[in-house]
Amino acid sequence: MSTRLARGGRRIDRSKRVEFTFNGKRLTGYQGDTLASALLANDQMLVGRSFKYHRPRGVVASGPEEPNALVALGDGARMEPNQRVTTTELFDGLSARSQNHWPSLEFDIGGLNNHVARFLPAGFYYKTFIHPRPFWKHVFEPVIRQSAGLGPAPKDRDPDVYEQVYAFADLVVIGGGVAGLHAARVAGAAGLRVLVLEQTAHWGGRSPVDGGTIDGQPVQDWIDATLQALDGMENVTLRTRCMAAGIYDHGYMIGYERLTDHAPAPGMPRHRLWKIRAAQVLSATGAIERGLSFPGNDLPGVMLAGALRDYVVEYGVSAGDRTVVVTNNDDGYRTALALKEAGLVVPAVLDARPEATGALPEAARAQGIRVETGRAIVKVMGGKRVTGVGVGLQAGEGSILEEIACDAVAMSGGWSPVVHFWSHTGGKLVWDEAQALFRPDPARAPVGADGLPNQAVGGAANGALTLGAVMADSHDAISEVLRRLGKTVSDPAPAGDAPAEAPLHPVWVMPQGAGHKLKSKMWLDYQNDVKVSDVQLAAREGYESVEHTKRYTTLGMATDQGKLSNINGLAVLSDALGAPIPQVGTTTFRPPFTPISMGAIAGEARGDIFQPLRRTPMHAWHEAHGAYFEPVGHWRRPYCYPQGGESHAQAVHREVTATRTSLGLLDASTLGKIVVKGPDAGRFLDMLYTNMMSTLPVGRCRYGLMCSENGFLMDDGVVARIDEDTWLCHTTTGGADRIHAHMEDWLQCEWWDWKVYTANLTEHYAQVAIVGPNARKLIEKLGGMDVSKEALGFMDWADGTLAGIPARVFRISFSGELSYEVAVPASRGLEFWEACHAAGAEFGATAYGTEALHVMRAEKGFIMIGDETDGTVIPQDLGLGWAISKKKADYLGKRAQERVHMTDPTRWQLVGLETLDPNERLPDGAYARASGTNANGQGNTQGRVTSSYMSPTLGRAIAMGLVLNGPSRMGEVLEFPTVDGRVLSARIVDPVFYDKAGEKQNV
Amino acid sequence: MKRYSAFAIAREAARWHMGWERAWRSPTPKAKYDVIVIGAGGHGLATAYYLGKNHGIRNVAVIEKGWLGGGNTGRNTTIIRSNYLQDPSAAIYEKARSLYETLSQDLNYNVMFSPRGVLMLAQTHHEVRGYLRTAHANKLQGVATEYIGPEKVKELCPIINLDGPRYPVLGALWQPRGGTARHDAVAWGYARACSDMGMDILQQTEVTAIRQAGGKVTGVETTKGAIACDKLAIVVAGHSGVLAEMAGFRLPIESVALQALVSEPIKPCMDVVVMANTVHGYMSQSDKGEMVIGGGADGYNNYTQRGSFHHVEETVRALVETFPMISRLKMLRWWGGIVDMTGDRSPILSKTPLGNCFINCGWGTGGFKAIPGSGWGMAELVARGEPGPLTAEFGLDRFREGRFIDESVAAGVAH
């Protein structure tokens, strides 16, 4: 059984007991435990079920590479699925549940899959469930989905908060082991701005467990001294529980700090996402131990040798009383020695190598541990827990020479450097034949914006696996980084000392001569249930690329992303293909290093502050007056102001009628207002607009159209000439930012030598449209400016003061009524708006929203960008040829508009549409049917509805639309099928339904 | 070809699966083929497949620089839908969708087409009008879609947040027979069927030059030697411009990175595909249980198959807002692919200035869903030398003539 030892455990504080639950069972651990060590201390070896066969799964590792021991952590809205117990720090009240089983962890019906595993090899689902056809959707897929899927789905809104920070550094050191700490100290001493990210809560990595000395000091003493030195450096920032998650181009990287996972504090940020820009990055990320592929290697109790050692030394926890060690390298003996020292029984070390004569094997022998070389585990006994192993020859086929009773197996297949970060931005790897590992190829490093290397790797991450090599390599790496940054290294390389290790002997299959039956019991990917036989099957069937094999077998696609399985898997593939490992290559390393929460990625931008919310100065007034808002870009605009139980339609009707008959007020502040200024501004605007803007007299306004390079209408608005060098361009609400960017795009990329300056002043002004027959009376009542027909004619503008407020009055109309748009400083917008209402009370001044605006513009036949246009419409289609200058040599879109399809006389063009039944509104977006079908069998069309409203003014339904040759077909009746199966008939009419002569607006 | 079935699995299980044959052969190139298809992605393989199946042209090679299906076919978010606005788009995507319905049976390879339904959320009044228009268009086009209200949206997708403080869900365009398929399986299934017809799939073979004489293509030079052909189809999303340059013409295409993401797997919680274009994100749940997520493309051109983090952030932010329960899920992996973007965001299936050389590219961010239809139409184009109805509108000349097929009104976001 696994249990807490009477002594030992560097990380735990035995004076502080911590209570937690697992599947509802109350258990205790100590402060400093991980959930993994605490579960093992309570003899909870079985913690989950595998993905495909629902096989029993126990803790196998002690770090982020853990594929098995995943739990649902927490309850209710704070439940988090798939949490690795090995990286979960224990806290009081922690509640964990095992996953992927029914009805219970111990008795899982899904385990039946295990008994038919032979019929479910890699890719079996590609070969079956093909007939009968409907069964995939309705029978097979639901069953497969339910049995897959691991953790439970969260149900509620996450109550926790997350935050993001930005950081800048000359050097980011990833990993706070001895290699990383040394590099940080050297860089810190050289005056660099250094940020060190360590994913665990502790500094020093695994060296203290593995032992040895640095510069004559025990490793932990050296770590303490180095940390003390680093703490004294203001230019060095140290973060624990902060994992580097990914590296991007040009030194951009992200970090993932778990702030309160170890000590939940509701209200405090749970995770913090770091966005870091680093000149150089040094990966001191260490290495991850590989398992060995022997039959039954997935049984709970079979663990990585390094992990077993960690649990004993760090947490005083033994995974078993009797542990058989199986290894192909010297490092595995460290575990045997550590277990022995803790008073546990190591019945044997099974070394697959023909001989083991290094210092560590000798030490083991000296301790009386039985060492057998050339041996393999050929069978693991037990159901939900190891009860013994069968020992055979590594060179053999699997016959059992001896059975050894044990309750744990420590396996070591060698170590794989963590090369993820090097690979994220394209650094290449080399295969180190002697050590059987991939390590970074310094000749093909990731490069920065200058094309020079911007990453380095030091220590075990670089394939330097013994303490002496780690320290020397770390020193070399930081020296190279400093050289790149123009600094020199003064410190000497620290001398690490630990027992020498003999070379490992690559063992990819154990025993070597295993047949198909045994190979179908050798697990590579424990979570996804991928076995040696599956990889071999993939190779046999032609899925030869490592990417094909991965995707066909799902090898390495589990939540550990192959940290444990990838190298073993690709070695098996390489063997099956008869191709050398480097030729087979690795799959691509992608961010994040380990999974990170979506909450952290989303950061603070949730709920009300999901996106910036833009409010006009009058927003509070709108709210107070019952406005129903609609989002327009980031703005909120009143759609209408329902009063006393009105429906939206009734409100719109009232607002239109009031405006047409007396006085309406519209908050038009959201309209884009871009100032274009400079000696070349006129020339620039002539290119930007289809109209001639350079000739616009000061004091006048002109309605302008902007087209894309492809000739399509992209925005419209009124342009006012402010002075000789200055124009004010109004854009649509949604278009302001886009059009400003469009202007800058052309100015910066194409016409960079033109003297033009632009500024988006949208928010500087509040703008009120004063509309209706009594508009002039209201302004006269406000007082301060002469807005008579003579003083301020249609399309004039003037500066002045209204109601004591500085104002710019534009005499323009988007409704067909007498209308003024008045811009005032934003800070006085509400004051002006309220003044208008106060003074307008006698005229029944009525605030109207965007829908009334739309109705009135449609009654008047004015087009709306986004309704009448959709990226395929040119101004000529909309009867706006008058706004296209014939005098200009060029404007954006001109050449495009000369293309043959654009000048085709049979385009769809703007018309008005009146339903034969005046009470029947044409549906938005309805198409006009034409006879027959096209070559693809689709019903032919001859036009479509672009805008459709009930017109309060005309007392009938009106619509605008684009119709094939529309303007020459006045009076024709078209048929519009609706989605609910009806057909509406509508007559083509002039698009100007209201006051075609313009008598209302020109008074 | 030995057929796949439950019986075949039982038979093979008895002998430890030692009897399975290769899904596709690994041949040495012949000196000459009737047709060479460059690019063994979904579109290239489907082109070859329908050349053989519909037109009897089986002396075909499909040449692939890397491994088959390793480009965007194996990198996308596997969404299949045909609720497009413009007639030519709706025609080719609906053809593709209808072929997907029976593709597993057709190929004897389970591509796991799952018509679980696609929801495209309307979150502004403008979007509502846009989808109403699409619904009207789809009805005339014979594409089964429906505009539905928020209650129905919630019923179809209970984890959705209808009342987001910023963009409440006002309705959705619902295509019940849209869905997903297993992307790799589509490439593998076509490859197996092509190989079975005697076609050669030449992986790890890079085309280095295109040979021509008298204004017509005569073959290609590759890293495995020169190979002659009568006709050439270039089907290499992501590197179309590079191949076009070899053939001596230019394309109106920009290449940008598009990213996709998956979460850790969880038990089934989402039975439909949801696309939220106002906030820029879309999500579905794979059969493995991962939430499969996509968003917008990078704003700058490049050929590296990775993207920038801020798109990951924007996409996740949008989806956390739309599906608040995912906040505590962890993101497992994200990756990038290079997509061809045309000016009108519609594909090019066309003759080229080089005689007997045809090109299929420009699928932008949504090519996976089109694979069978694209292959069907492309095969017809290559076999006859002239476009058929499916591809007639997708010629290169449309850019010169201004006959754009602009879908931006229907889908303002990458898909």
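It should be emphasised that the depicted structure is a prediction, and the values quoted were computed from it without experimental measurement. To find a chain, count down the sequence lines: A is the first, B the second, and so on, and within it residues start at 1.
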>> Does the structure place the NZ or CZ of Lys127(A) under 6.0 Å from the centre of the six-membered ring of Tyr109(B), at an angle of no more than 45° from the ring's axis?
In response: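 No, a cation-pi geometry is absent between Lys127(A) and Tyr109(B).
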>> Against the six-membered ring of Trp16(B), is Arg118(A) placed for a cation-pi contact (under 6.0 Å from the centre, within 45° of the normal)?
In response: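 Pair Arg118(A)/Trp16(B) counts as cation-pi.
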Proximal component of [X], with respect to chain A [non-hydrogen, under 4.5 Å]:
X: Ile159(B); result: neither
X: His310(B); result: neither
X: Leu103(B); result: neither
X: Ala91(B); result: both
X: Glu290(B); result: side chain

>> As a test of understanding, state which of Tyr126(A), Phe140(A), Phe129(A) forms a side-chain contact (heavy atoms from CB on, under 4.5 Å) with Met112(B).
In response: Tyr126(A)
Would a distance-only check, ignoring hydrogens and angles, find a side-chain to backbone donor-acceptor pair under 3.5 Å from [X] to [Y]?
X: Asn82(A); Y: Lys330(B); result: no
X: Arg606(A); Y: Pro324(B); result: no
X: Lys139(B); Y: Gly981(A); result: no
X: Gln611(A); Y: Arg166(B); result: no

>> Distance alone, cut at 3.5 Å: any donor-acceptor contact between the side chains of Glu264(B) and Thr559(A)?
In response: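 No, no side-chain donor-acceptor pair sits under 3.5 Å.
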What I want to find out is whether [X] reaches [Y] closely enough, with some N-O distance under 4.0 Å, to be called a salt bridge.
X: Glu313(B); Y: Lys275(A); answer: yes
X: Asp160(A); Y: Arg328(B); answer: yes
X: Arg22(B); Y: Glu544(A); answer: yes
X: Arg133(B); Y: Asp870(A); answer: yes

> Under 30°, 30 to 60°, or over 60°: which ring-plane class applies to Phe309(B) and Tyr252(A), parallel, tilted or perpendicular?
Replying inline: tilted
> To the nearest 0.5 Å, how far apart are CZ in Arg306(B) and CG in Asp249(A)?
Replying inline: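 The distance works out to 4.0 Å.
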> Mind checking whether Trp24(B) and His548(A) have ring centres under 6.0 Å apart?
Replying inline: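 Yes: the rings meet the under 6.0 Å criterion.
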>> So, using side-chain hydrogen bond (donor to acceptor under 3.5 Å, both in side chains) as the criterion, who are the partners of Glu146(B) when residues are at least two apart?
In response: none
> Excluding sequence neighbours, so at least two apart, what forms side chain to side chain contact (heavy atoms under 4.5 Å, CB included) with Leu132(B)?
Replying inline: Asp924(A), Val128(B), Tyr147(B)
>> Name the residue from Arg145(A), Lys137(A), Glu141(A) that meets the side-chain hydrogen bond (donor to acceptor under 3.5 Å, both in side chains) definition with Ser114(B).
In response: Glu141(A)
